[in-house]
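So you know, we letter chains A, B, ... as the sequences are listed, proteins then strands, and number each from 1. Nothing here was measured: the structure is a model prediction, and the numbers come from that model.
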Amino acid sequence: MILFKKPRRPKGTNSRAKDQNPAGGNRETTEQPVQNLLLSTDIESNLKQLKGIFKNCSDVVFREFLFAQREQIKLALVYTDGLVDKTLVSEQIMKALALNVPMATDNMEITRNNALHYVKMRGLCVHQVQETGKIQDVVDAVLSGDTVLMVDGHAIALINGSRGWEARSVADSITETVVRGPRESFVETLRINTSMLRRKIKNPNLKIETLKLGEVTKTELALVYIKGIVNEGLVHEVKDRLSRIKIDGVLESGYIEELIRDHPYSPFATMAHTDRPDRVAANLLEGRVAILVDGTPVALTVPYLFIEAIQTPDDYYEQFLFASAIRVLRVIFLVIALTLPSLYIAIISFHPEMLPTPLLMSIAAQREAVPFPVFVEAFFMEVAFEIIREAGIRLPRPVGQAVSIVAALIIGQAAVQAGLVAGATIIVVALTAMASFTVYYSGSITLRLLRFPLMFLSASLGLLGLISGIVIIVVHLAGMRSFGVPYLAPVAPTIQGDLKDSAVRLPWWSMRRRPHLIGQNDQRREIPGLKPEPPRPGRR
Amino acid sequence: MVEKGKIDSTQAILLNITMIFATALLSVPAITATHARQDAWLSSLLATLLALPVAWLTAKLASLFPGKILIEYPEAILGRWAGKILGLLYLLWFIQICSIMVREFGDFMVNAFIPETPIVVVNIIAIAIAAYIITQGLEVMARVNQVFLPLILFSIVLIFVLATPEMDLRRLLPVWESGAMHIFKGALAPLAWYGEISTFAMIVPFLVRPGEARRIALISVVAVGLIFAFLVVGSLAVFGPGIAAMAYPVLNVTRVINIANVIERMDPFIVAVWITGGYIKIAFFYYVIVLGSARWLKLCDFRPLVLPVGVILAALSIMAGDNSLEIFHFIGDVWPFYALFTFEFAIPLGLLVIALFTGRGKDKP
């Protein structure tokens, strides 16, 4: 159903292997640095050179033919099969040049010397044509899916935009689903992704700068921002950090994230990743910078603040009261997801007096048969849940049902009946698990990770340990910055205007300004007085 | 520059509130009630009034010596040697009150919360977390405080709202029974706490707008005074003058809460929230010590001092007294006079007078 292309290293450009053993003996024809080579006027020698470079690359096609207008002029096409739009190559390039379509007006003579000009100006029916004189550009273009046309007698090749490979079509977002709002998500092709953003923001100020990273993979990256809104310093900072990267390959945006993020050891994400174009567009409008990577549907946006973990795209589409209520709940869920098992352990083993007596009796009765201390019990259940979750992600789809049955029946029911685990513990673990799904996915991974040390702390020191753990986490968060913006803003440091879009979401007509620390360049989002009001009698 | 961060005025006010309030809510209402009985709330309001001059004095000194911190004023006023010695005494004083604070915190935790844990464990945890906070710098401490202080204040409002069924305002009657002298005596303990505002002079240079120091100091004192009066009125309304016999009256208020047999025994929960305040308060004084020492020794960074000072604090917090009664006695009977007539009020006053007479400092009155 999906033609999911796993990006592979292009086999032809084995320049890295070369750099590693410069003394390595029996290398063949082309083995001098490709970077500096120029095309020659002799098409045969060019072809020989390219064939040497693309030796054993069965997917690269060399097609030589004669120019219909002047039979003695030889033409050659080079492209990668599978990456090009075949109809375009055969209909618009081959047909136009190999068949007899008159190009020159009567009194003009096509010679070896002006053939290239005629081909380019009148022959090709391709939307995008570039000239180049470098072998390296030719190689890059061929491997990116463009078609290179060489004309005998010219040291210049024409690069025709003909990219058109099999790609997954735009589908629903899998990681972030919404009830109300656009469904589409990014795909693996960079160009389609940028087109989705361009369709949302039809403004020349939406800048999409591309650069290539990965010395072997040559992966294309797009740096997207809205000029005029974004803080120029931020764009510089992102570019600066990207320019330091020298790595063999970039297969997913996660590579980039780990290489340029702040606080590399922190479990908390300092860059947002999302596959939703609307989320990226909204972030761009707030003055953020997005990084799109070819080959992955996951885009990165910076700066990322902690508060974004509880914000979802449909918060901004639903009515604000409803959205705010859900957000407040999400804050509570976040606290539950982080602390509930630890709180349970602390209360049962250190402060049982906190519970109302009937509840305490009931839990004590359940726990009577359980042979483990409550920490061990809760810990095992948490581990069991992690097993189920991981199995659910990894296993092949058809087996999914089996896992859910095993999980529900064996872990849930049988463990209680066998007296290994108290029912209350299962409830706590299940609630925690459900709560952790309500926050943004990357945030929930962090919560999963931090839950265990907190459980240790509260098992050894009770609520004091739990609170100490939370204080440590908050201190850590308060000390963090994401691309210069304090991570806990707008709560600490408190930025009053930005609290309108924090644990609550006020209506659009009241959020008149962009986030203070991010959209510094242009704070005004809308004109004042947009609040819908009934027409007043005095005023027209 | 030892500290690079800057905090804004709101952060400074909130930090001052925590700095004074976090331990004041433990035993001060009881100490006040020992002298003033049901007029303790009058004492707390009187203390607020009396603390305003202290706040003003602090801010005045700070405005005379911009860019300098409290322990550097003596050097600018009295000359190098006398100033250095007085600065050192200030540092020792901060070490002493910080270690007593740690002890008070540990006593509270062990007495009220985790009776089986040795106090040294609690003290070391508190100091370790405070050390972590201050290595992150003043900015981070202010931000952490911005996260937790609202929770602390909310928890206090919450417990008094939940305790309203137990309250009877007639327990505050008769007013003025104990007489002016006792009310004044009762005011001394809270006044000594409010006098901790003089510590604020240690961080004035790190404000975004140091010119607002006076406003910040006065607002902080008034805010703390009002919150504290609220606590005292609430505790009196629940227990009457009997709070004098309690170690931690506000905690006892949380213990009487019982709503529909579901919301009861909230105290561990509330205490858990207060722990954060205790950590921040300890961190603040700990920070003042290492920052002051670094400036006193003319170091370029305060972080190397964090560990040694922490060890000293942990040891002193255990040596401060043999048991919690001794600490209570010190806090209730010795501390107010000791603090007010030395470092909190008398010495700054003397410094200001000398500075004004000799004309040292920036602006002339």
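For B:Met141, no part lies under 4.5 angstrom from a heavy atom of chain A. Heavy-atom distances place both the backbone and the side chain of B:Ile133 under 4.5 Å from chain A. Residue B:Phe148 touches chain A through its side chain alone, counting heavy-atom pairs closer than 4.5 Å. For chain B, the nearby part of A:Leu488 is the side chain; its heavy atoms alone come within less than 4.5 Å. For B:Val271, no part sits under 4.5 Å from any heavy atom of chain A, backbone or side chain. Using a 4.5 Å cut-off between heavy atoms, B:Glu116 does not touch chain A at all.
Residue with the most contacts toward chain B among A:Val491, A:Ile347, A:Ile472: A:Ile472 (heavy-atom pairs, distance under 4.5 Å). Each of A:Glu353, A:Met354, A:Met480 has some count of heavy-atom pairs under 4.5 Å with chain B, and the biggest count is that of A:Met354. Among A:Val471, A:Leu477, A:Ile470, the residue making the largest number of heavy-atom pairs under 4.5 Å with chain B is A:Val471. Looking only at heavy-atom pairs under 4.5 Å with chain B, the residue among A:Pro358, A:Gly462, A:Ala478 that has the most is A:Ala478.
Among residue pairs with one or both ends in residues 252-272 of chain B, none qualify as ring pair (Phe, Tyr, Trp, His ring centres under 6.0 Å); sequence neighbours excluded.
A salt bridge links A:Glu308 and A:Arg288; the closest N-O separation between the charged side-chain nitrogens and carboxylate oxygens is under 4.0 Å. Under 4.0 Å is where a charged nitrogen must lie from a carboxylate oxygen, and between A:Arg448 and A:Glu382 no such pair does. Using a 4.0 Å cut-off between charged side-chain N and carboxylate O, A:Arg513 and A:Asp522 make no salt bridge. Salt bridge absent: B:Glu166 and B:Arg255 never bring a charged side-chain N and a carboxylate O closer than 4.0 Å. Using a 4.0 Å cut-off between a side-chain N of Lys or Arg and a carboxylate O of Asp or Glu, A:Arg330 and A:Asp315 qualify as a salt bridge.
Cation-pi check for A:Arg451 over A:Phe379 is not met; the charged atom does not lie both under 6.0 angstrom from the ring centroid and within 45 degrees of its normal.
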